[in-house]
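Right, one structure below, let's go through it.
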Amino acid sequence: MTGMQAAAFRIAIVGSGPSAFYTAEALCKAHPGDLRVDMFERLPVPYGLVRGGVAPDHQKIKEVVRIYEKIAAHPGFRYFGNVTIGRDLQPAELAARYHQVVYAHGCESDQKLGVPGEALASVHSATEFVGWYNAHPDHRDRRFDLAAARTVAIVGNGNVAMDVARVLLCDPDHLATTDIADHALAALRRSTVREVVLLGRRGPAQAAFSPKEIEEIHELPGVDVAVRPQDAALDPLSAAWLERDGSRSQQRNVKFLQERAAAGASSDGKRLVCRFLVAPTELRGEQGRLRAVQLQHMRLEAAADGTPRPVPDGGSETLAIDLLFKAIGYRGVPLPGLPFDDKKGIVPNVDGRVVEAAGGAVRRGHYVAGWCKRGPTGLIGTNSLDAKATVAAMLADRDAGALLPGNGADVVDLLRQRAVDTVDWTDWQRLDAWERQQGEARGKLRHKLPSVDELMQTVRTLRRG
Ligand code: NAP
């Protein structure tokens, strides 16, 4: 399919994670006519956070790619891996060629704590660690001093914090047969980490992890989940809030945490310590290395909408630690040529339609789906509903004739002129098969190459047969 494609309804999707594929799926279902979907991904490999974010011991979650493979089999679907929008192609060039452009490029950075000492060695973001153990090319060169650490703190208690805690505490043999990066497995085998302390700024009723995740850590052989009775106790505000507004998951979390507090900590083995109502105010180091985190004690008070929010209660303490991970949420990064809401860290939009700025005019033919639309929340499946809502807006605009002109010129020609070596779906299928074969030979599910250069070299070798 090169040259002109004038008659078709032509869509570009930027990104190849869940929200990108669910957008393609909703379009394929809603537009049975001649639909062309071109998907652009800056890495050679597809699937976004399913490949680079989901933990290696959560392979069941990764099986969702079977759905994405079916979507990619649509006759009008093309994949362009190794193409960076804003470098190899500009948003304006997509806007000239397609009727609609959907940005689904996620949130690739992380939130900052904003406390003194954040730049010390041994202070990391969970995003970096997760990318590193998943062989994400952006994070292959990170170093985590696991062999010199005994106590690790994690700020935040969402599911990313749980993934990091579990990977740090589990027996490396638990990960050895997965698709974990070789460099990460080797470092985890040398790790001396014995204790991970989760630091939640609110109480046990507001913990952001799912019950399944904390229970999974408790079930790891040789790992204890320890909670002090004073951490598991609910203040009157939280008790009333849990009763009134708490979800089943939050109720199950509190029950679990109170059971752990009642059981008391076992003295041997590794442990996850769940602390609540504490917020870091300073990270302290010696000679550039992290030594301790200064914590202020918090209490909860009701915000205007009744949600318990943390405020300092005047108390404080110092906790000696060797490493710290910030797991306080992802954040979007601006894409050249596309509006960005710096306050929210997302592309400003109204119901998936990109606007020039918050409250500004709609940019015709431009849409967003997934985390760059709503922020980094929800599970993989949440992106399916989210994509459907964006596609509903796209189809309404198509029916109203509010499309980009879409000049029909094939982007392939432009990419060739610029000598961009794009990875197509056949290339990816070959690489996918190669990664599995290499994995099998090493006694694991998949062997992931951790750099773009190595991935591209392998793609080229496989092309030659
Ligand atoms: P998250 O669920 O939003 O959790 C962020 C945590 O950081 C919360 O505990 C939050 O506390 C805390 N926090 C935020 N700012 C803070 C600050 N300045 N100081 C101290 N604490 C702060 O985010 P996430 O863990 O990054 O996960 C992102 C999304 O991916 C979530 O929807 C998650 O469920 C999903 N995910 C799912 C899985 C899985 O299903 N296995 C795995 C990974 C991720 P407050 O609640 O007080 O704001």
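For reference, positions follow the sequence shown, starting with 1. We count ligands from 1, going down the list as the structure has it; atoms in each ligand are counted the same way.
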_Checking side-chain polar atoms at under 3.5 Å, does T390 have a donor or acceptor matched by the opposite partner on K373?_
yes
_Checking D179 against Q59: is there a side-chain donor and acceptor pair closer than 3.5 Å?_
yes
*For atom 11 (O) of ligand 1, closest protein heavy-atom neighbour*: R201 NE, 3.6 Å
*In this structure, which one of D322, L323, T192 forms a side chain to side chain contact (heavy atoms under 4.5 Å, CB included) with L146?*
L323
*asked:* Protein heavy atoms near atom 3 (O) of ligand 1, is at least one of them under 4.0 angstrom away?
replied: no
*asked:* Test your reading of the model: is there a side-chain donor-acceptor pair from T318 to the backbone of Q294, 3.5 Å cut-off?
replied: no
_Which residue and atom name correspond to the protein heavy atom nearest atom 12 (C) of ligand 1, and how close is it?_
G156 CA, 3.8 Å
*Backbone, side chain, both or neither: what part of S210 comes under 4.0 angstrom of ligand 1, heavy atoms only?*
neither
_For ligand 1, which is the ligand I care about here, please tell me if G378 has any N or O atom under 3.5 Å from one of the ligand's N or O atoms._
yes
*Which of the numbered atoms in ligand 1 are below 4.0 angstrom from a heavy atom of P376?*
28 (C), 29 (C)
*Starting from atom 25 (O) of ligand 1, which protein heavy atom do you reach first, and at what distance in Å?*
V160 N, 3.1 Å
_Counting only heavy atoms, tell me which of R202, R166, Q206 gets closest to atom 46 (O) of ligand 1._
R202
*So which heavy atom in the protein is nearest atom 1 (P) of ligand 1, and how far is it from that ligand atom?*
G158 CA, 4.3 Å
*Please confirm whether N159 comes within less than 3.5 Å of ligand 1 when only nitrogen or oxygen atoms on both sides are compared.*
yes
*Part of W371 with heavy atoms under 4.0 Å of ligand 1, whether side chain, backbone, both or neither*: side chain
*For atom 6 (C) of ligand 1, what's the nearest protein heavy atom and its distance?*
A327 O, 3.7 Å
*Which residue supplies the protein heavy atom nearest to atom 41 (N) of ligand 1, what is that atom called, and how far is it?*
E213 OE2, 3.4 Å
*Contact between A279 and ligand 1, counting heavy atoms under 4.0 Å?*
no
*Taking atom types as modelled, find out whether E63 and H58 have a side-chain donor-acceptor pair closer than 3.5 angstrom.*
no
*asked:* Heavy-atom distances under 4.0 Å decide this one: backbone, side chain, both or neither, for Q111 against ligand 1?
replied: neither
*Would you kindly specify which portion of V155 sits under 4.0 Å from ligand 1, judged on non-hydrogen atoms: side chain, backbone, both or neither?*
side chain
*Does Q250 reach the main-chain N or O of S247 with its side chain, forming a donor-acceptor pair under 3.5 Å?*
yes
*Taking atom types as modelled, find out whether D38 and Y79 have a side-chain donor-acceptor pair closer than 3.5 angstrom.*
no
*Between N349 and R363, does any side-chain donor sit less than 3.5 Å from a side-chain acceptor?*
no
_Closest heavy-atom pair and its distance - P308, Q206_ = CG-NE2, 3.5 Å
*For T377, is at least one N or O under 3.5 Å away from an N or O on ligand 1?*
no
*Give the residue and atom name of whichever protein heavy atom lies nearest to atom 43 (C) of ligand 1, and the separation in Å to one decimal.*
D163 OD2, 3.4 Å
*Going by distance alone, is a donor N or O of one side chain under 3.5 Å from an acceptor N or O of the other, for S451 and D453?*
no
*Any idea which protein heavy atom is nearest atom 9 (O) of ligand 1, and the distance to it?*
N157 OD1, 2.9 Å
_Can you confirm whether the side chains of D386 and S19 place a donor and an acceptor under 3.5 Å from each other?_
no
*Give yes if a backbone or side-chain nitrogen or oxygen of L379 is under 3.5 Å from a nitrogen or oxygen of ligand 1, and no if not.*
no
_Non-hydrogen atoms of S122 and R289 that approach each other most closely_ = OG-NH2, 2.6 Å
